[in-house]
Novice: 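Before anything else, here's the structure in question.
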Amino acid sequence: MAGSDHTPAAELLQGQAAAHGAHNYHPLPVVIAEAEGAWVTDVDGRRYLDLLAAYSAVNFGHRHPRLVAAARRQLERVTLVSRAFEHDQFGPFCAELAELAGMQMVLPMNTGAEAVETAIKTARKWGYEVKGVPAGQAEIVAFGGNFHGRTTTIISFSTDEDSRASFGPYTPGFRVVPYGDLDALAAAVGDRVVGVLVEPIQGEAGVRVPPQGFLAGVREICSARGALMIADEIQSGLGRTGTTFACEHEDVVPDMYLLGKALGGGIVPVSAVVSSREILSVFRPGQHGSTFGGNPLACAIGREVIAMLKTGEFQERSAKLGAHLHGRLAGLPESAVREVRGRGLWAGLEFATLPGRRACELLAERGVLTKDTHGSTIRLAPPLTIAEEDLDWALDRVAEIAR
Ligand SMILES: *Cc1c(COP(=O)(O)O)cnc(C)c1O
């Protein structure tokens, strides 16, 4: 199947992509033409179940009718005015997102990396103006194995050589401590530390769940030392783990949520920093911005995403189907599996010997799409809307290769 008996049309498209698209990705040999819900169809008419959901950007499935309708309505009205003017979607989007998060203020951007950059700038400015850190001395602590995006500043504190090497000189002002290690964090958070940037679950690192009590410990250290707890929930948030935010699993409220991916409903890139009025008030006109951030189309789609999350049904579905997913993964042959991690409808499955890339190829041949990360781990993150029988069908395929 995939990769072996492609039609000339598919071969041509793959060849064109390889010849003219930079090779910064290594896609599986599947050329998608259409999608609906949890299913995608390739140019040859083959159907695959999507167990990656664009790294959780497609939490509500492909082309969810509510989201497509919201986008269509807005396309007929106004799509972009820049932030030089107000528009009628901006205020409601910010108010509704702040309410969903239990916060007060929102700074919308487009990609996740921009939300992270915004948080870094916010924390530094807050550090100088509110905490009183000497000019140019602010530090931010991040964790080993982190993934926060691809800008030159963000890769400066990456611990992944592929992401970081060859891209220096690096932005100073960051310290990195081992993920899950509260003693190391406590030792690193000195007077000049303005923020601690943490993924509640590390997605790209292979769906790594920290030890119980870690997030609460981060919160405690941040509060005690006067540093901002910045929760990067770009992948873990908005229903993926069975709750709106993954921080909820430890009853932790950070100082800033970073959101992205699913906030755009799988239609447009929408990201945001959500925080208190005090913290986000460090920005005055002209000090930060984005031509596309907070545009009418993005806000209209984001508002529909928020309305869908407000019902709680997607979080509930994620928790219920997640329990089923983890139950079935626990039943895979012990000899084939090194470890299964995750929470909600999100799993990192590490095979004993089968390389991750090979596992993904075998699954694609069987009609299941997923993506490897760091060697032998594959991640399973289907749309939260997936039908239980479809999930079971995909897990039967996983069981076939797990031997
Ligand atoms: C994907 C991701 C980002 C970066 O988002 P982009 O939209 O790709 O820039 C940042 N943090 C986390 C945790 C992510 O998963």
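Atom set for the values below is all heavy atoms of this structure, side chains included, hydrogens, waters and symmetry mates excluded. Keep in mind that what you see is a predicted model, and the values were worked out from it rather than measured. Just so you know, ligand 1 is whichever comes first in the structure, and atom 1 is the first atom listed for that ligand.
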Novice: Among all protein heavy atoms, pick the one closest to atom 14 (C) of ligand 1 and tell me residue, atom and distance.
Specialist: K261 NZ, 2.9 Å
Novice: For atom 5 (O) of ligand 1, what is the nearest protein heavy atom, given as residue, atom name and distance?
Specialist: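 I find the closest protein heavy atom is G112 CA, 3.3 Å.
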Novice: Using a 4.0 Å cutoff against the non-hydrogen atoms of I234, which atoms of ligand 1 qualify?
Specialist: 2 (C), 3 (C), 10 (C), 11 (N), 12 (C), 14 (C)
Novice: Taking everything shown except E220 itself, do over 12 heavy atoms lie less than 6.0 Å from its CD?
Specialist: no
Novice: Between the side chains of H64 and T385, is a donor N or O closer than 3.5 angstrom to an acceptor N or O?
Specialist: no
Novice: Using a strict cut-off of less than 4.0 Å between a Lys/Arg side-chain nitrogen and an Asp/Glu carboxylate oxygen, indicate whether R328 and D396 qualify as a salt bridge.
Specialist: yes
Novice: Flag yes if more than 12 heavy atoms outside Q137 fall under 6.0 Å of its CD atom; otherwise flag no.
Specialist: yes
Novice: Determine, counting only non-hydrogen atoms of the protein, whether one lies under 4.0 angstrom from atom 8 (O) of ligand 1.
Specialist: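 Within 4.0 Å: no protein heavy atom nearby.
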Novice: N/O of A113 under 3.5 Å from N/O of ligand 1, yes or no?
Specialist: yes
Novice: With atom 12 (C) of ligand 1 as the reference point, say which of D232, L258, L259 has the nearest heavy atom.
Specialist: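 When every heavy atom of D232, L258, L259 is considered, D232 comes closest to atom 12 (C) of ligand 1.
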Novice: Would you check if there is a donor-acceptor pair between the side chains of S158 and N146 at a distance under 3.5 Å?
Specialist: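 There is no such pair between these side chains.
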Novice: Report, in ascending order of atom number, the atoms of ligand 1 lying under 4.0 Å from any heavy atom of F147.
Specialist: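 Matching atoms, with element in brackets: 1 (C), 2 (C), 3 (C), 11 (N), 12 (C), 13 (C), 14 (C).
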Novice: Quick check, are the ring centers of F147 and Y55 under 6.0 angstrom apart?
Specialist: no
